[in-house]
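In the text below, chain A, chain B and the rest are named by the order of the sequence lines, each starting its count at 1. Because the structure is a prediction, the values reported are computed rather than measured.
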Amino acid sequence: MQNQLSIFNTLTRTKEKFEPIHKGMVGVYVCGPTVYSDVHLGNCRTFISFDLIYRYLLHLGFKVRYVRNITDAGHLEGDRDEGDDKFAKKAKLEQLEPMEIVQKYTLGFHDVMREFNTLPPSIEPTATGHICEQIEMIKEIIANGYAYEIKGTVYFDVEKYNKEFPYGQLTNRKLEDLLEGTRELSGQDEKRGRLDFALWIAAKEETLMKWPSPWGWGFPGWHIECSAMSNKYLGETFDIHGGGMDLQATHHTNEIAQSQACNHKAPVKYWMHTNMLTVNGVRMSKTAGNGFLPGELFTGNHPLLEKGYSPMAVRFFMMQTHYRSTLDFSNEALQASEKGYARLITSIKTIDNLKTSAASTSNIKELEKACYAAMNDDFNAPILVASLFEGARIINSVNDNKETITAEDLALLKKLMHSFVFDVLGLKSETSNSSADKALQGAMEVILEIRKDIKAKKDYAASDKLRDDLNKHNIQIKDTKDGPVWSVSE
RNA sequence: GGUCCUGUGGCCGAGUGGCUAGGCUGAGCUCUGCAAAAGCUCCUACUGCGGUUCGAAUCCGCACGGGACCUCCA
């Protein structure tokens, strides 16, 4: 372990030293997507942020169990535990079975996560796969006196719970303040308290996704799945629970209440929340209609996009902002990241060509320290990136014979750049080894050989034309001291 | 209305009570047949007004601007 990691805990609103419950092991639960439509870039940001966190914990040597669920049932359209769930609604629209909707968008989600080079979680449980666990948990909550049933629907009694536990602690709010923000109960409402939420919802005649329960046919409420599944795979109390900030006030607040009411203990030691992605200063969301899909981003096929951006350029763009800050999208910012990313990757490829000397002009050990210090300070990737650019500067300077490096330092620098850029930040070099690429490589060798002859005859007009023409096909030739180098641009 | 967060150079974005992050852009220089790349140098900011302090962009207050949550959303 490279010194002490600290994490900003939403519960206390301070940075705390990270001490896992079980030495050397970390349990992480992150609220995954509700798979009733394509994930947009804002959703991706959250999962990419937690991918960084997961990767760094692994890098530090922790044995991590990373659980990220798939919500495939119980997430209602309306705000008052009424109506059909999102899958059934979408299923009707697309004339499919609800589980066809789930399958379609789950596969799509996985494809996008792979594009962004995120590591798969250790366990990816689904709500429909854990109906029994949810029912058992609800039974326990009722037995403990924190929930009640009315006509086949089970509600959590928030006001009763609040008498013993601070219901609004995660958002630092008092119950009275929360009550002020809610509407009066209408005559149709069955629940007792305005803040009460459903644990189990009675099925109607037309409900498509329903299961038998002690309270009749129905389906689980949205919040109970995360309590049940985190409990099952990580235990009654685990280390880190994460999710987007928008889940903090309702979903996570209710999760804490459910788990506490069931197990008589707080479920989570460190709560982590990632901030939103914004477009022109406004949060990207499904309902605001200002979101675009990862596919559109990669191809540039969207009115807001001037061009396409590669998945790694986008990932790097996100790594230049701290996970707790809002990240505002713009073409200009993305293009800046694209260039910076290319420079960083190019420098890493240069490492293998460096010559070593008897002394180093730069302090590589200090650089290593700076990298760990950045990440240990609540996963501060932007500061890490700044240090990595310092590394790139050193590499390029040594390559230009303007600085020197010892063999020992070079080995350390190489290890440092590789482990932080590829393992921790999760970036990868975007080159493929397809047969077409190999053919291009061969062709370029032939072309450069011919151009060498032309240049030897000092026919610069011809050699420059060759270079310019290839450039029109996105192939750059650079005439360095050590001979020509070529590359393909995006 | 309630509860919070936030306001940094041309753009994006870190950050600490005093020691000028970083990326992109622009200008100049070095290198080079030229170009590109790379390195170096320069443009040295912290919404406004008060207060605390030897000293504040960093702490406090007020004002103005932006945003989030309180209703489904990562």
Please enumerate all protein N or O atoms sitting under 3.5 Å from an N or O of nucleotides 22-24 of chain B, with distances to 0.1 Å.
residue, atom, partner, partner atom, Å
B:G23, OP1, A:Arg343, NH2, 3.2
B:C24, OP1, A:Arg343, NE, 3.1

Rounding to an integer number of angstrom, what distance separates B:U52 and B:C59 when you compare their C1' atoms? 8 Å

B:G15, OP1 or OP2 - any side-chain N/O from A:Asn380 closer than 4.0 Å? yes

Given the C1' atoms of B:A36 and B:C31, what is the spacing between them in whole Å? 12 Å

Which part of the nucleic acid, if any, lies within contact of A:Arg45, taking any heavy atom under 4.0 Å across all strands shown: a base, the sugar-phosphate backbone alone, or nothing? nothing

When rounded to whole Å, the CG to P distance for the pair A:Asp469 and B:A35 reads 19 Å

Is there a donor-acceptor contact under 3.5 Å linking the side chains of A:Tyr309 and A:Gln335? yes

Close N/O contacts between protein and nucleotides 31-33 of chain B (under 3.5 Å):
residue, atom, partner, partner atom, Å
B:G33, N1, A:Asp464, OD1, 3.1
B:G33, N2, A:Asp464, OD2, 2.8

Residue set satisfying side-chain contact (heavy atoms from CB on, under 4.5 Å) with A:Ala462, at least two apart, ordered chain then number -> A:Ile454, A:Asp459

C1' atoms of B:G15 and B:C19, separation to the nearest Å: 14 Å

Identify, with sequence neighbours excluded, every residue that meets side-chain hydrogen bond (donor to acceptor under 3.5 Å, both in side chains) alongside A:Lys365. none

Return the orientation label for the A:His223 and A:His251 ring planes: parallel under 30°, perpendicular over 60°, tilted otherwise. tilted

If you measure from the C1' atom in B:U3 to the same atom in B:G23, how many Å do you get, rounded? 36 Å

Is A:His322 touching bases, backbone alone, or none of the nucleic acid, heavy atoms closer than 4.0 Å? sugar-phosphate

Interatomic distance where NE2 belongs to A:His223 and P belongs to B:A74 [whole Å]: 13 Å

Atom pair distance, as rounded to whole Å: CG in A:Leu247 and P in B:C69: 11 Å

Keeping to residues at least two apart or across chains, list the salt bridge (charged side-chain N to carboxylate O under 4.0 Å, His left out) pairs with something in residues 380-392 of chain A. A:Glu390-A:Arg393

Nucleotide B:C4, atom C1' - distance to CG of A:Asn275 in whole Å: 12 Å

Can you find a side-chain donor-acceptor pair between A:Asn376 and A:Gln4 that sits under 3.5 Å? no

At 4.0 Å (heavy atoms only), tell me whether A:Leu277 reaches a base, stays on the sugar-phosphate, or touches nothing. base

With a 4.0 Å limit, can you tell me whether A:Arg393 has a side-chain N or O closer than that to the phosphate oxygens OP1/OP2 of B:C40? yes

When the C1' atoms of B:G2 and B:A21 are considered, how many whole Å apart are they? 38 Å

Classify A:Asp328 by what it touches in the nucleic acid, base, sugar-phosphate, or nothing, heavy-atom distance under 4.0 Å. sugar-phosphate

Touch class at under 4.0 angstrom, heavy-atom based, for A:Thr274 against every strand present: nothing

Using the test side-chain hydrogen bond (donor to acceptor under 3.5 Å, both in side chains), find all partners of A:Glu124 that sit at least two apart in sequence or belong to another chain. A:Arg68, A:His110

Could you check how far CD1 of A:Ile383 sits from P of B:A14, rounded to whole Å? 9 Å

In whole Å, what separates the P atom of B:A45 from that of B:G22? 15 Å

Minimum-distance nucleotide (side-chain atoms of A:Thr321 versus B:C69, B:A74, B:A14): B:A14

Could you tell me how far apart A:Leu195 (CG) and B:G2 (C1') are, to the nearest whole angstrom? 13 Å

For A:Phe197 and A:Phe156, take the angle between the two ring planes, folded into 0 to 90°, and tell me which bin it lands in: parallel under 30, tilted 30 to 60, perpendicular over 60. parallel

Return whichever of A:Thr480 or A:Met276 has its heavy-atom-nearest nucleotide of RNA chain B closer to the 5' end. A:Thr480

Could you tell me which residues satisfy salt bridge (charged side-chain N to carboxylate O under 4.0 Å, His left out) with A:Asp468, sequence neighbours excluded, listed by chain and number? none

Contacts of A:Gln476 and A:Phe329 projected onto RNA chain B by closest heavy atom; the upstream (5') one is A:Phe329

With sequence neighbours left out, which residue pairs that include part of residues 336-357 of chain A fulfil the ring pair (Phe, Tyr, Trp, His ring centres under 6.0 Å) condition? A:Phe316-A:Tyr341

What would the secondary structure line of RNA chain B be in dot-bracket form, counting Watson-Crick and G-U wobble pairs under 3.5 Å, with [ ] for pairs that cross earlier ones and | for pairs with another strand? (((((((..(((.....[...))).(((((.......)))))....(((((..]....))))))))))))....

Partner set under salt bridge (charged side-chain N to carboxylate O under 4.0 Å, His left out) for A:Lys210, not counting sequence neighbours: none

Pick the P atom in B:C64 and in B:G39, then give their distance to the nearest Å. 47 Å

Just how far, in rounded Å, is P of B:A37 from CG of A:Asn353? 19 Å

Could you state the CG-C1' distance from A:Leu178 to B:U3, rounded to the nearest angstrom? 9 Å

Could you give all pairs that pass the salt bridge (charged side-chain N to carboxylate O under 4.0 Å, His left out) test and reach residues 315-325 of chain A, with sequence neighbours left out? A:Asp51-A:Arg315, A:Arg324-A:Asp378

In whole Å, measure the gap between the C1' atoms of B:U32 and B:A37 for me. 11 Å

State whether A:Ser325 places a side-chain N or O below 4.0 Å from either non-bridging phosphate oxygen (OP1 or OP2) of B:A14. yes

B:A38 phosphate, OP1 or OP2: any side-chain N/O from A:Asn396 under 4.0 angstrom? no

Using a cut-off of 4.0 Å on non-hydrogen atoms, how would the nucleic acid contact of A:Gly243 be classed: base, sugar-phosphate, or nothing? sugar-phosphate

Among residues at least two apart in sequence or on other chains, which ones pass side-chain hydrogen bond (donor to acceptor under 3.5 Å, both in side chains) with A:His130? A:Tyr233

Using a heavy-atom cut-off of 4.0 Å across all strands, would you classify A:Ile477 as base, sugar-phosphate, or nothing? base

Should the pair A:Tyr56 and A:Tyr372 be assigned to parallel (<30°), tilted (30 to 60°) or perpendicular (>60°) ring geometry? tilted

